[in-house]
Amino acid sequence: MRTSWADSVANSPSETAVSNNNSVPRPTQSTYVPPHLRSNSAADTPTPAGPPTARPSFSGNTGGSRWGGGGGARPESGRQGQGNGYAAAGRDGGSSGRNNRSGGWDRREREVNPFVNDDKVDEVKQGFREHENTVINFDAYEDIPVEISGENVPPPVNTFAEIDLGEMMNQNIRRCKYVKPTPVQRYAIPIALAGRDLMACAQTGSGKTAAFCFPIITGIMRDQYIQRSRGGRTVYPLGLILSPTRELSCQIHDEAKKFSYQTGVKVVVAYGGASINQQLRELERGVDILVATPGRLVDLLERARVSLQAIRYLALDEADRMLDMGFEPQIRKIVEQMDMPNRGVRQTMLFSATFPREIQRLASDFLSNYIFLAVGRVGSSTDLIVQRVEFVPESDKRSHLMDLLHAQRENGEHGKQALTLVFVETKKGADSLEHWLCINGFPSTTIHGDRSQQERELALRSFKSGKTPILVATDVAARGLDIPHVAHVVNFDLPNDIDDYVHRIGRTGRAGKSGLATAFFNDSNLSLARPLAELMHEANQEVPQWLTHYASRAPYGGNKNRRSGGRFGGCDFRREESFGKNLDYYGGGNGGTAFGVPADYGGGYAPGITSAWD
DNA sequence: AAAAAAT
């Protein structure tokens, strides 16, 4: 094995030594000011509200307003329409409109420094032995395979400096301690900044959130200011980010707050299970980017408290989940049947680690002349996660888990065990396993959809902090959640779909650390035998002989379509279809697609510096 | 069949 930045990161004692000079709270302006006017002293003199250069159609059903040129290319002329009275647009009736940074501080609007808690996080980190689950991971990015298809693909960048994200964004990138863009960021950010639609497959934990947030925030800052409607209490966000779970929406919101700190771009989150009134109040204070789960958003749309007329940027995280059977109708309603601008008018970006072909076909309804990007990551389902499969009959699962946990506890220092995430199939199963673990001396908690949102968030905090180092979860926790220090993922019950397995094990092995994934396999998982054996084989994992045996006898199954699990989360179905039927799910043949373009990633992280993982 | 997502 070679060595890489991941080692220097994990082994560095200086991680907390990075200076954090943003502890001074800075007040922000009292009334809502369009982003491009903020941090711009020239905006001091409000000019009378001029006619907006473009307006949404208030008939509400054309949905095709062309904002500032439309098509896809975003206008660069960001300074027009300065001070045209946005602040008077209906909110904060009490305070007079002050469209600039120098006037009108108001405590209520003070922007909380989103970085202050990072110090605490670092303290927690010290509690975990950083090196414990780190194995050598050499030059992890030297040979990242990349597939790109589409017309006129913008070239990738090697540094954040090459892309002009603006000084405020650059500061935030430094505050996040990112030095270099991750592979998916290197490719996706230029594509997004060029205004192109994008379907991006990138491994779990590869920095997808920043990949779509940076261009949206930058775009909103530089876009021509367009006056939004004053229709009652309705708000008109410019960017919309949808995700399949409440916790993931929260996480994206937290990240986006950091990226947008002091840029003037306001990010608000809305999701179910929490007070809608509080969310409404947040929205009324102004929103540029709305992060939401589908159910709550539909509610807000039906109450006419949110309108999508002004949306220019739409991002779907975990896009394949968002378009599967459970979610598709809601997503279609939001994207196609409300007042969102049409594809081609807005810019649409879909991100996921997995992209089944069927879902790609559905997704193409939402996209216009899009670029398909698949960036493999050394890690996740490949090198960084050690995958084990054990044959465990249903009745032995609990005692088998207990054996694993005891062994793990003995290996730990000071009785402190690394975090273990246990996936089960059902909500009831989660509760009962958690209870059983607790009474057997393993402090555990559980997260699933039958728990209140308060309980869910408490469980997550308690797990992250190490207070209950075991979390029993349903698939609600399978996707996207970034929980540092998860050393072990146990598939107590295996999922029926190999893509779900990929997402679940992706909860470990994050940010360059290694991880262990153990699966309990038995006769009820036969349909998964074949895709699982193949996935493990492709990831250079040891495949037990009995599994190979099952795989050779089992029919195809465990996946909505056989190629989705492919090497790097999938190929562009547009290319695949041009090859005709291509059924070599196995054998790593790649169906003749253009994998293997070296990403030419320089590595070279300084000790104590992390990259822009998501 | 289950999970998630609005009240």
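Within every chain, numbering begins at 1; the chains are lettered A, B, ... in the order of the sequence lines, protein sequences first and strands thereafter. Values reported hereafter were calculated over all heavy atoms of this structure, with side chains retained and with hydrogens, waters and symmetry mates removed.
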(Q) Base, sugar-phosphate or nothing for A:Asp299? Non-hydrogen atoms, less than 4.0 Å. (A) base
Q: Describe the nucleic acid contact of A:Gly326 in one word from base, sugar-phosphate, nothing, applying a heavy-atom distance below 4.0 Å.
A: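 Since a base atom lies under 4.0 Å of A:Gly326, the category is base.
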Return no unless some side-chain N or O of [X] is found under 4.0 Å from OP1 or OP2 of [N].
X: A:Thr426; N: B:dA1; answer: no
X: A:Thr293; N: B:dA6; answer: yes
X: A:Arg246; N: B:dA3; answer: no
X: A:Lys427; N: B:dA4; answer: yes

Q: Would you please say whether a donor-acceptor pair under 3.5 Å links the side chains of A:Gln453 and A:Glu457?
A: yes
Q. Can a donor-acceptor pair be found between the side chains of A:Ser462 and A:Thr468 at a distance below 3.5 Å?
A.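 Yes, a side-chain donor-acceptor pair sits under 3.5 Å.
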Q: Go through the structure and list residues passing salt bridge (charged side-chain N to carboxylate O under 4.0 Å, His left out) with A:Lys428, not counting sequence neighbours.
A: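 Listed in chain order: nothing, the list is empty.
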Q | Set of salt bridge (charged side-chain N to carboxylate O under 4.0 Å, His left out) partners for A:Arg343, sequence neighbours left out | A | none
Please report the distance, rounded to the nearest Å, between [atom1] in [X] and [atom2] in [N].
X: A:His503; N: B:dA4; atom1: NE2; atom2: P; result: 16 Å
X: A:Asp324; N: B:dA2; atom1: CG; atom2: C1'; result: 12 Å
X: A:Ile447; N: B:dA3; atom1: CD1; atom2: P; result: 14 Å
X: A:Tyr501; N: B:dA3; atom1: OH; atom2: C1'; result: 20 Å
X: A:Met322; N: B:dA3; atom1: CE; atom2: P; result: 19 Å
X: A:Ile334; N: B:dA5; atom1: CD1; atom2: P; result: 14 Å

Q.
Looking at A:Asp320 and A:Arg479, is there a salt bridge between them, counting it only when a charged N and a carboxylate O are closer than 4.0 Å?
A.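 Looking at A:Arg479 and A:Asp320, the cut-off is met.
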(Q) Can you work out whether A:Arg456 or A:Met325 has the more 5'-proximal nearest nucleotide on DNA chain B? (A) A:Met325
Q | hbond_proxy A:Asn496 side chain to B:dA2 base (donor-acceptor, 3.5 Å cutoff) | A |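 In this structure, the two groups form no donor-acceptor pair.
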(Q) From C-beta outward on A:Tyr271, which listed nucleotide comes closest to its side chain: B:dA4, B:dA2, B:dA6? (A)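 It is B:dA6.
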